[in-house]
Engineer: 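Can you read through this structure? Questions will come right after.
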Amino acid sequence: MARILITSAIPYINGIKHLGNLVGSQLPADLFARFNRAMGHEVMFICATDEHGTPAELAAAKAGKPVADYCAEMHDVQAEIAKGFRLSFDHFGRSSSQRNHKLTQHFAGVLAENGLIREVSEKMIYSIDDGRFLPDRYIEGTCPNCGFDSARGDQCDNCTKQLDPTDLINPRSTISGSTNLEERETKHLYLMQRALKDKLGAWIDSKADWPLLTTSIAKKWLNDGDGLQDRGITRDLHWGIPVMKGDQPWPGMEGKVFYVWFDAPIEYIAGTAEWADANGLGDEAWQRWWRTDKGAADVTYYQFMGKDNVPFHTLSFPATILGSGEPWKLVDYLKSFNYLNYDGGQFSTSRGRGVFMDQALSILPSDYWRWWLLSHAPETSDAEFTWENFQASVNKDLADVLGNFVSRVTKFAKSKLGETVPAAGEFGPMETALIADLGVRIADYTRAMEAMEVRKAAGELRAIWVIGNEYLQAAAPWSVVKTDPDHAQAQIRLALNLIRIYAILSAPFIPDAAQAMMSAMASEDWTWPSDVHAAIRALPASHAFTVPENLFRKITDEERTEWQAQIGRAHV
RNA sequence: GGCUGGGUAGCUCAGUUGGUUAGAGCACGUGACUCAUAAUCACGGGGUCGGGAGUUCAAAUCUCCCCCCCGCCA
């Protein structure tokens, strides 16, 4: 039994995520977590909300709520939606937790001790009317490059150029709209990533099995131009983790907080500590996942994220870990995804374009979405969501191929042979061939899942569903039952067992339907069917089963047209 | 301007180290079956693999040039 640590990139707190966010991190991470649990491995699967930074403050202000309250509410909303999608986190934490405060301050403290933090004085824009500095999105003005009049302090949304607040023409506060601004000297902490460049480079080079997409991004940041730059890790904000050197005050840093990108990945560790707390366990319970000196040496750590998150996970966060000099677990395999596009354009949270997680659940059960998203996961390139494709794929794969298989087998069995697994007859050549084929395919499927080849795994799983229909069509128990009833019993015994096997194999993709299949077969044996010969005989003769409701209904053209018109246009 | 990825059947995509008539699913056509969610199964039509040049006995696959698309960076 292996020990598998899995983290999904943590979704930002300000609002409900769209399907593109979901398929790029949380959903494939969940697939992998469910698969590894099914294989009997010990799994720790952690996610959280990323709560600090200016967008949270702005969203809270817009909602007219204190930022802490806003984050608490939005965390619950996201947690509820995650449940709706059956995301099987062991813990869904919060980057604003006390655990993360302590850990983030701890890391800053040891980094300082190791001489990897320097203090920098710089000029920032100060709003006299608001009584505060205006970092990042707290300031807007005209872009000096393209003339866009709502460019933000950190970036222009129109031409995408990175900006400094001091670059903006006619700057104004986004809090009060005040233009009564001045430049003031302020002090900030920088993480000296340049000093860690060689260490990071050697570490990246040791990851020969990572996708090119991942290592090339890391190497580019590491080597291009002047190479990896030191990074500011503090901000003049109120909402965040107060700057402390371990548990000691940090002179000159009073009233400042750590930058969101410094504390967010630390939440992977803190979230595991939150898990221990929530379950009444001691520190050793979470440390055996994260500290190689405290039991984590045999842990394999997998991270899942969209490609935009790769630099932070290959460089910034590892810089924190390596720089600490402490034996924390570094990521072993990083699975990154491209983007999902929506009907010819991008999904966009700010423009409300696309399908959002709450909308998706309001129109169809999660299995529909899980299946489509995972079987079309943007692994090698960007992928495209269209309603037509969604309707066609889901109707065909889930309703016609899998759902109908379960339906035809159980209904036929019940009407002709009764509601127990028939006992008579022996398997013949056709059954033997099917079992052999099934064994090969299960092995292929298992390999694809182990390798996190999501689309390929979905294809293998679908093929496994299809051979059930092929077998039935060729075996034709509805004819055989008239001439050789004993053999028909053997055929149906096999088909019923196939349903149970399908439940196990399908569970990582479509957990609800899998449970329905397993319940209908009145079994609780979820043993992965690596031993096909045993698995195909798991349901003994005379074992009772029931005919389930149809597993999947079809999406009609009317529904598709309606959703197409109503969703993804203006969701705010 | 630099970089990653991509441009393969109507659509969504596979194509390992270059090697027999380029594959899958969907859609389409024909047939079979009638247990089942008008489902299933079989067979078939359909592609000069973005364009051009080159290397090779042999290239979707390698090299060079060019043209598009998504994204990242400057």
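Order of the sequence lines fixes the chain letters, A, B, ..., with proteins taken first and strands second; residue numbering starts at 1 for each chain.
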Engineer: Provide the distance between the two C1' atoms, one in B:rG6 and one in B:rG29, to the nearest whole Å.
Structural biologist: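 Nearest-Å result for B:rG6 against B:rG29 at atom C1': 33 Å.
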Engineer: Watson-Crick or G-U wobble partner for B:rG25, using a 3.5 Å limit on both distances?
Structural biologist: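 Here B:rG25 is engaged in a pair, and the nucleotide opposite it is B:rC11.
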Engineer: What's the CH2-C1' distance between A:Trp371 and B:rG25, to the nearest Å?
Structural biologist: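 The distance from CH2 of A:Trp371 to C1' of B:rG25 comes to 11 Å, rounded to the nearest Å.
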Engineer: Between B:rU30 and B:rC70, how far is it from one P atom to the other, in whole Å?
Structural biologist: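 Comparing P positions in B:rU30 and B:rC70 gives a spacing of 40 Å.
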Engineer: So what's B:rA59 paired with, Watson-Crick or G-U wobble, going by both distances under 3.5 Å?
Structural biologist: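 Partner of B:rA59: none.
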Engineer: Quick one: look up who B:rA36 pairs with, Watson-Crick or G-U, both distances under 3.5 Å, and put none if it's unpaired.
Structural biologist: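 Result: none.
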Engineer: Nearest-Å distance, CG (A:Asp397) to C1' (B:rC13)?
Structural biologist: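 Checked: the CG to C1' distance equals 13 Å.
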Engineer: For the residue pair A:Phe390 and A:Trp372, does the interplanar ring angle fall in the parallel (under 30°), tilted (30 to 60°) or perpendicular (over 60°) class?
Structural biologist: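 Perpendicular: the ring planes of A:Phe390 and A:Trp372 meet at over 60°.
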Engineer: Examine distances only and state if a side-chain atom of A:Thr320 and a backbone atom of A:Ser316 form a donor-acceptor pair shorter than 3.5 Å.
Structural biologist: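 Yes: the side chain of A:Thr320 pairs with the backbone of A:Ser316.
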Engineer: Applying the Watson-Crick and G-U wobble criteria at under 3.5 Å, what pairs with B:rG47? Answer none if nothing qualifies.
Structural biologist: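 Because no pair has both required distances under 3.5 Å, B:rG47 counts as unpaired.
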Engineer: Taking atom P in both B:rG45 and B:rG23, what distance in whole Å separates the two?
Structural biologist: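 Approximately 12 Å lies between the P atom of B:rG45 and that of B:rG23.
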Engineer: For the side chain of A:Ser479, counting heavy atoms from C-beta on, which of B:rC35, B:rU34, B:rU37 is nearest?
Structural biologist: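 It is B:rU34.
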Engineer: Could you check which of B:rC13, B:rC41, B:rC33 has an atom nearest any side-chain atom of A:Trp478?
Structural biologist: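 Minimum distance to the A:Trp478 side chain belongs to B:rC33.
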Engineer: If the cut-off is 4.0 Å, is A:Lys411 near the phosphate of B:rU37, judged by side-chain N/O to OP1 or OP2?
Structural biologist: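 The answer is yes; a side-chain N or O of A:Lys411 sits under 4.0 Å from OP1 or OP2.
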Engineer: Using a 4.0 Å heavy-atom cut-off across all strands, classify A:Leu551 as base, sugar-phosphate, or nothing.
Structural biologist: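 A:Leu551: base contact, heavy atoms under 4.0 Å.
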Engineer: Name the nucleic acid region contacted by A:Asp400, choosing base, sugar-phosphate or nothing; use a 4.0 angstrom heavy-atom cut-off, strictly under.
Structural biologist: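 Since only primed, P, OP1 and OP2 atoms lie under 4.0 Å of A:Asp400, the category is sugar-phosphate.
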Engineer: Using the P atom as the point on both nucleotides, what is the distance between B:rA22 and B:rG47, in whole Å?
Structural biologist: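 Roughly 12 Å separates the two P atoms.
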Engineer: Look up atom CZ in A:Phe405 and atom CG in A:Leu472, then write down how far apart they are to the nearest 0.5 Å.
Structural biologist: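 So the CZ of A:Phe405 and the CG of A:Leu472 are separated by 5.0 Å.
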Engineer: Verify the contact: side-chain N or O of A:Lys554 to OP1 or OP2 of B:rA39, cut-off strictly under 4.0 Å; return yes or no.
Structural biologist: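 Looking at the OP1 and OP2 atoms of B:rA39, one of them is under 4.0 Å from a side-chain N or O of A:Lys554.
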Engineer: Given atom CG of A:Asp437 and atom P of B:rC41, what is their separation to the nearest angstrom?
Structural biologist: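 About 14 Å, once rounded to whole Å.
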Engineer: Should we say atom NZ of A:Lys456 is surrounded by more than 12 heavy atoms from elsewhere, each under 6.0 Å from it?
Structural biologist: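 For A:Lys456, atom NZ is not crowded (no more than 12 foreign heavy atoms under 6.0 Å).
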Engineer: Starting from C1' on B:rC35, measure out to OH on A:Tyr471 and report it in whole angstrom.
Structural biologist: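 Taking OH of A:Tyr471 and C1' of B:rC35, I get 13 Å after rounding.
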Engineer: If the P atom of B:rC65 is compared with that of B:rU48, how far apart are they to the nearest Å?
Structural biologist: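 It works out to 27 Å between them.
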Engineer: In whole angstrom, what separates A:Arg408's CZ from B:rU34's C1'?
Structural biologist: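 Nearest whole value for this atom pair: 9 Å.
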Engineer: Suppose you measure atom C1' in B:rA9 against the same atom in B:rC13; what distance do you get, rounded to whole Å?
Structural biologist: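 Each nucleotide's C1' atom is 11 Å from the other's.
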Engineer: Can you say whether the rings of A:His313 and A:Phe317 are parallel (under 30°), tilted (30 to 60°) or perpendicular (over 60°)?
Structural biologist: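 If you compare the ring of A:His313 with that of A:Phe317, the planes turn out perpendicular.
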Engineer: Which is true for A:Val394 with a 4.0 Å heavy-atom rule: it touches a base, it touches only sugar-phosphate, or it touches nothing?
Structural biologist: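 Here A:Val394 touches no strand at all.
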Engineer: Any side-chain heavy atom of A:Arg537 sitting closer than 4.5 Å to one from A:Asn497?
Structural biologist: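 No, their side chains stay 4.5 Å or more apart.
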Engineer: Mind checking the P distance from B:rA39 to B:rC73? Whole angstroms is fine.
Structural biologist: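 The answer is 47 Å between these two P atoms.
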Engineer: Distance check, P atoms only: B:rG51 and B:rC57, in whole angstrom units.
Structural biologist: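 Their P atoms lie roughly 25 Å apart.
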Engineer: Rounded to the nearest Å, what distance is computed from the CZ atom of residue A:Phe390 to the C1' atom of nucleotide B:rC26?
Structural biologist: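 These atoms are roughly 15 Å apart.
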Engineer: Nearest nucleotide by nearest heavy atom, which residue falls closer to the 5' end of RNA chain B, A:Asn550 or A:Ile467?
Structural biologist: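 The residue mapped nearer the 5' terminus is A:Asn550.
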Engineer: Look at A:Arg462 and B:rC26 and indicate whether a side-chain polar atom (N or O) is within less than 4.0 Å of OP1 or OP2.
Structural biologist: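 Result: yes.
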Engineer: Separation of A:Gln473 atom CD from B:rG31 atom C1', in whole Å?
Structural biologist: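 Rounding to the nearest Å, CD of A:Gln473 and C1' of B:rG31 are 13 Å apart.
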Engineer: Does any N or O donor sit under 3.5 Å from an N or O acceptor when you compare the side chain of A:Glu384 with the base of B:rU12?
Structural biologist: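 Between B:rU12 and A:Glu384, which were checked side chain against base, a qualifying N/O pair under 3.5 Å is absent.
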Engineer: Got a donor-acceptor pair under 3.5 Å from the side chain of A:Asn404 to the base of B:rA39?
Structural biologist: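 Donor-acceptor pair under 3.5 Å: no.
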Engineer: For the residue pair A:Arg370 and A:Phe509, would you count it as a cation-pi contact if the rule is NZ or CZ under 6.0 angstrom from the ring centre and within 45 degrees of the ring axis?
Structural biologist: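 Negative - A:Arg370 is either too far from the ring of A:Phe509 or too far off its axis.
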Engineer: Measure CG/A:Leu398 against P/B:rU40 and give the value in whole Å, please.
Structural biologist: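 It is 13 Å, rounded to the nearest whole Å.
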Engineer: What nucleotide among B:rC26, B:rU12, B:rA32 has an atom nearest to a side-chain atom of A:Lys396?
Structural biologist: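 It is B:rC26.
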Engineer: Between A:Val466 and A:Asn389, name the one whose nearest nucleotide on RNA chain B is closer to the 5' end.
Structural biologist: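 Upstream on the strand: A:Asn389.
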Engineer: Over 60° means perpendicular and under 30° means parallel, so tell me whether A:Tyr302 and A:Tyr333 are parallel, tilted or perpendicular.
Structural biologist: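 Geometry flag for A:Tyr333 against A:Tyr302: tilted rings.
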Engineer: Which part of the nucleic acid does A:Phe552 contact within heavy-atom distance under 4.0 Å: base, sugar-phosphate only, or nothing?
Structural biologist: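 Contact class for A:Phe552: base.
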Engineer: Is A:Phe412 stacked against the base of B:rC35, taking the criterion as centroid distance under 5.5 angstrom and interplanar angle under 30°?
Structural biologist: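 One would not call A:Phe412 stacked on the B:rC35 base.
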